[in-house]
Amino acid sequence: MNKGAIGIFDSGIGGLTVFSEIRKKLPNENIIYLGDTKNFPYGNKSKEEIIKFSKENVETLIKKGAKIIVIACGTATSQAIGVLEKEYEIPIIGIIEPTVNYIKTREIKEIGVIATEGTIKNGAWEKQLKNKIDDIKVINKACPMLATIAEEGKAKSEEGKKAIKEYMKPFKKNHTDKIILGCTHYPIYEKLIREELGYDVELINTGITVAEYLEKYLKDNNLENDTPKEKEEIFLTKPEQEFKNIAKNIMKIDIKIQ
Ligand code: DGL
């Protein structure tokens, strides 16, 4: 049993999509969320930079009392998780492994992946999917503008719509009916994606697969908190006026920033 917090980080608001699923699934757990707004966006940065930011985030979360780290960011998972796991003793969970494990439990032979430029270039989703699932076909599409548009609170604007129209082209053409939202900012676009595709599509939200994986991990490793929740803290590396409003009005997540 462990009252330490679940430490979650992302470059900005995107990881709140993971935070909200963890909060729902594990209501007793203390949570500390770190949005690295000072270094946003991660999607166009080099691997070295992502590793440096990720290390700083892990160290901040450990200092603040984390018992486990959740990398609520596809870019940081794809580029830094291996280094972080080697460097720190604290357990670290990214968004790729839990999601690939979930997909493996299903009869899926073809899947789309949308993510940041850095994540798609790195190829981590495709590699892990192909490692674990025989003969799976993966259709990748980098969406360089989506995280920034969401972070600016414009996901539902004309700009958001135009970007989705462009990025959905390969899936629409192919009639892809299962797509991994490989960047944690993307669940914000769920409705627009469905409207643009116009057919029944399953959008895989990594927040849900991560929350399920985390629940099991805490149980198996005797790390659960069996006392009532005491804290839920959100920190940003650079104050952002809009952060709370976007969380509340666009993501429907009510938060208090420290
Ligand atoms: N939410 C992040 C991800 O999952 C980062 C987006 C960005 O900072 O570019 O990739």
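Heavy-atom basis, side chains included; hydrogens, waters and symmetry copies ignored. Whatever order the structure lists ligands and atoms in, that order sets their numbers, starting from 1.
Under the 6.0 Å cut-off for aromatic ring centres, His185 and Tyr42 do not qualify, their centroids lying 6.0 Å or more apart.
Taking the six-membered ring where the residue is Trp, Tyr213 and Tyr217 present parallel rings, their angle staying beneath 30° rather than reaching 60°. The aromatic rings of Tyr33 and Phe243 sit tilted relative to each other, their planes meeting at an angle between 30° and 60°.
Take Glu242 and apply the salt bridge (Lys or Arg N to Asp or Glu O under 4.0 Å) test, not counting sequence neighbours, and it matches no residue.
Between Lys191 and Glu195 there is a salt bridge, since a side-chain N of the basic residue sits under 4.0 Å from a carboxylate O of the acidic one.
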Give a table of atom pairs where an N or O of ligand 1 lies under 3.5 Å from a protein N or O.
from	atom 1	to	atom 2	distance (Å)
ligand 1	1 (N)	Asp10	OD1	3.0
ligand 1	1 (N)	Asp10	OD2	3.4
ligand 1	1 (N)	Thr184	OG1	2.9
ligand 1	1 (N)	His185	ND1	2.8
ligand 1	4 (O)	Gly74	N	2.6
ligand 1	4 (O)	Thr184	N	2.9
ligand 1	4 (O)	Thr184	OG1	3.4
ligand 1	8 (O)	Ser11	OG	2.6
ligand 1	8 (O)	Tyr42	N	2.7
ligand 1	9 (O)	Tyr42	N	3.3
ligand 1	9 (O)	Gly43	N	2.8
ligand 1	10 (O)	Gly74	N	3.4
ligand 1	10 (O)	Thr75	N	3.0
ligand 1	10 (O)	Thr75	OG1	2.6

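For the pair Lys64 and Phe235, the cation-pi criterion (under 6.0 Å, within 45° of the ring axis) is fulfilled.
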